[in-house]
Amino acid sequence: MNDDCLKLTVYHGERDRVGGRFLADALVDVFARHRLQTSLVMRGVTGFGVKQHLRTDRLLTLSEDLPLVSVAVDTRTRIEAALHELEALRFDGLVTLERARMTSGEPLPADGEATKLTVYVGRHERAGARPAYEAVVELLRRNGVAGATVLLGVDGTAHGIRRRARFFGRNADVPLMVISVGDTQRIGAALAELGGLLERPLATLERVRVCKRDGERLAEPLHLPETDPSGLQMWQKLMVYASERSRHDGAPLSAELLRRLRASGAAGATSLRGIWGYHGDHRPHGDSFWQLRRRVPVLTVLVDTPDNSRRWYEIVDELTAETGLVTSEIVPAYRASAPGLERGGLRLARPAS
C-alpha cells in the first residue's frame with residue numbers, strides 16, 4: 001500500500017479546447033506521457049461551473065457540450081510532475097487535488113470511521129463468467145458496504161498505458177471505476193477478497209464521512225475551518241449517490257438538486273450517470289433492454305468552501321429526505337477559474353485534525 005498518493009480531478013466541458021484541440025484529449029495525453037497508474041475521462045449528464053452555464057443531455061441541441069470529469073491517480077511525485085505540465089495548458093474549469101492511498105488488495109488497517117474505495121477495471125474485463133464490475137459490486141454488497149456506483153470511462157490510462165474507446169472495436173481495456181462507501185471494517189473485508197477476484201486489481205482508498213443513508217441522518221458534514229494553520233484555504237466535497245428513478249416532488253432528484261444549487265449561487269456541481277450499482281439495502285441495478293424507465297445510479301458532486309458547503313448541505317438534506325447516500329470529504333487543494341475570476345490554489349492544505 002502506498003500512502004503518499006494524490007488524486008487529480010478536472011471538471012470541464014466536452015467542447016472545451018486548448019491549443020486548437022479538445023481539452024479532454026490534451027489532459028489524457030499528459031496522463032499518458034507521465035505513465036500515470038490509472039486515469040479516466042467520464043462523460044456527465046448535467047453540470048454547471050463558476051460561469052453558471054448549464055450543460056445537460058436533457059436539452060435537444062445539435063451540438064452537445066456535456067460536462068466531463070477527468071481523474072488521474074498515482075504517487076505524489078508523478079502527479080505533481082503531470083500537474084506542472086497541466087497548469088501550463090491554461091484552461092477554464094475546476095481542478096482539485098486530494099490525498100489517497102493506492103492499494104492492490106493489501107489488508108486495510110481499521111483507522112477511520114468510513115472509507116471510500118475506488119476500484120479501476122477494464123470495461124469488458126471478466127471475473128469468471130460475469131463482467132468484472134458486476135462481480136466487484138456484488139463483493140461489496142455481500143460485505144455490507146453502504147453503496148457502490150460504476151462509472152464508465154471513454155478514455156484514460158491503465159497501469160500507465162493509454163486506453164481509449166473507439167467506434168469500432170471491443171474497447172475491452174477502456175477503464176471504468178467502481179466507487180464504494182462504507183465503514184472501514186467492511187471495506188477492509190471486501191478489499192481482502194479483491195485480489196482473489198481480479199487478476200491485477202488497482203484501487204484507491206480515501207477518508208470520507210457518511211452523512212445520510214436512505215433518509216436517515218447518520219452524521220453532520222465535517223466541520224472544517226476556512227483555512228489551515230499555515231493560512232491555506234480548505235475546501236469540502238459533498239457527494240450524493242441516488243438512482244435516476246429517485247424523485248423529489250415528481251422531478252428527478254439529481255436534476256432538482258442541480259437546479260436548486262445553481263439558483264442559490266453554488267460554484268458548480270456535476271452529475272454522472274452510472275451503468276450499474278446500488279445504495280443502502282437496494283439490489284444492484286442498471287439498464288435493462290426490457291425496462292421502460294432507466295434505473296441506473298446517478299452520482300452528483302459539488303465542491304466549495306466549508307462555509308458555503310454548509311449552505312448547500314441544507315438543500316441536499318431536504319432533497320434526500322427519503323432516499324440516497326450522502327457523503328462529505330476534505331479537499332485540500334482546489335482551483336476554479338473563468339474569465340475575470342480565480343478562486344483557490346493548488347497547494348495542499350494540511351489535513352484537518
Side-chain angles (χ1 to χ4, degrees), residues 2-14 16-42 44 49-50 67-102 116 118 120 153-164 175 177 202-207 227-228 230-237 267-268 270 301 303-305 329-338 341-351:
N2 191 329
D3 288 335
D4 193 24
C5 291
L6 293 176
K7 182 176 74 172
L8 168 68
T9 307
V10 184
Y11 301 84
H12 55 103
E14 189 171 29
D16 289 357
R17 302 181 74 88
V18 60
R21 56 197 305 239
F22 287 118
L23 174 60
D25 286 335
L27 292 175
V28 182
D29 281 349
V30 172
F31 301 157
R33 275 196 297 274
H34 290 270
R35 299 183 66 83
L36 299 185
Q37 273 293 303
T38 186
S39 69
L40 72 162
V41 178
M42 296 170 289
V50 292
L68 297 183
V69 180
S70 299
V71 179
V73 182
D74 209 321
T75 62
R76 176 185 295 264
T77 301
R78 286 178 176 269
I79 289 292
E80 288 179 343
L83 181 61
H84 180 73
E85 186 176 347
L86 184 149
E87 287 190 295
L89 296 177
R90 300 189 63 82
F91 57 88
D92 296 335
L94 167 63
V95 184
T96 65
L97 279 177
E98 298 166 74
R99 296 178 177 89
R101 287 185 287 178
M102 188 175 294
K116 180 168 71 175
T118 306
Y120 300 85
V154 295
D155 200 350
T157 60
H159 299 283
I161 306 299
R162 178 83 176 261
R163 307 293 187 187
R164 184 172 185 173
M177 64 164 62
L202 184 58
T204 59
L205 299 162
E206 300 164 78
R207 292 186 181 276
T227 60
D228 77 347
S230 65
L232 291 177
Q233 178 72 60
M234 300 279 288
W235 307 89
Q236 190 166 49
K237 176 165 68 176
T270 300
V301 185
V303 183
D304 213 322
T305 65
E329 299 173 61
I330 298 171
V331 177
Y334 163 109
R335 189 196 73 199
S337 61
L341 172 66
E342 184 76 21
R343 300 182 58 189
L346 283 171
R347 292 178 59 197
L348 286 172
R350 299 175 188 172

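Values below: all heavy atoms of this structure, side chains included; hydrogens, waters and symmetry mates excluded. In what follows, residues are counted from 1 in the order of the sequence shown. Treat the numbers as computed from the prediction; the structure is a model and nothing was measured.
- Residues passing the side-chain contact (heavy atoms from CB on, under 4.5 Å) test with R90: none are found, sequence neighbours excluded.
- Proximity of E80 to T75: side-chain heavy atoms (C-beta onward) are nowhere separated by under 4.5 Å.
- A distance of 11.5 Å separates OG in S39 from CZ in R163, rounded to the nearest 0.5 Å.
- Relative to the six-membered ring of F91, R335 meets both conditions, a distance below 6.0 Å and an angle of at most 45° to the axis.
- Here the options are R99, R101, K7, the test is salt bridge (charged side-chain N to carboxylate O under 4.0 Å, His left out), and the partner is E206; only K7 passes.
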Original post:
I330 and R207: side chain to side chain contact (heavy atoms under 4.5 Å, CB included), yes or no, with the steps?
Top reply: CA-CA 8 Å; I330 298 171; R207 292 186 181 276; over 6 Å; no
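- Between L205 and M102, every side-chain heavy-atom pair lies at or beyond the 4.5 Å cut-off.
- Remark: R33 engages D29, V30, E85 in a side-chain contact (heavy atoms from CB on, under 4.5 Å) (not counting sequence neighbours).
- Applying the side chain to side chain donor-acceptor pair (under 3.5 Å) rule to T204 yields no partners; only residues at least two apart in sequence or on another chain are considered.
- Scanning both residues, P67 and T270, for their nearest heavy atoms gives CB-CG2, 4.1 Å.
- In this structure, CG in L6 is found 10.5 Å from OG1 in T96, a value given to the nearest 0.5 Å.
- For the pair Q37/H159, a side-chain contact is recorded, criterion being any heavy-atom separation below 4.5 Å from C-beta on.
- The environment of R17 atom CZ is dense: over 12 non-hydrogen atoms of other residues, nucleotides or ligands sit within 6.0 angstrom.
- Contact annotation: the side chain of D74 never approaches that of F31 to less than 4.5 Å [non-hydrogen atoms, C-beta and beyond].
- In this structure, the separation between OG on S70 and CG on L23 is 7.0 Å, given to the nearest 0.5 Å.
- Using a 4.5 Å heavy-atom cutoff, the side chains of D16 and D92 are not in contact.
- Side-chain contact between V95 and Y334: absent, with no pair of heavy atoms (C-beta onward) separated by less than 4.5 Å.
- At distances below 3.5 Å, at least one donor-acceptor pair connects side-chain atoms of R78 with backbone N or O atoms of H34.
- Every side-chain contact (heavy atoms from CB on, under 4.5 Å) that T38 has, sequence neighbours left out, goes to V73, Y120, L202.
- Under the side-chain contact (heavy atoms from CB on, under 4.5 Å) criterion, D4 pairs with N2, R76, sequence neighbours left out.
- Within the 4.5 Å cutoff, no side-chain heavy atoms of V303 are placed close to those of T9.
- Interatomic distance, M42 CE to D155 CG, rounded to the nearest 0.5 Å: 12.0 Å.
- The minimum heavy-atom distance between E14 and L68, with the atom names listed, is CA-CD1, 3.6 Å.
- Here H84 pairs with nothing under the side chain to side chain donor-acceptor pair (under 3.5 Å) rule; sequence neighbours left out.
- In this structure the side chain of L27 reaches within 4.5 angstrom of the side chain of V10, judged on heavy atoms.
- Not a single donor-acceptor pair under 3.5 Å links the side chain of T157 to the backbone N or O of A32.
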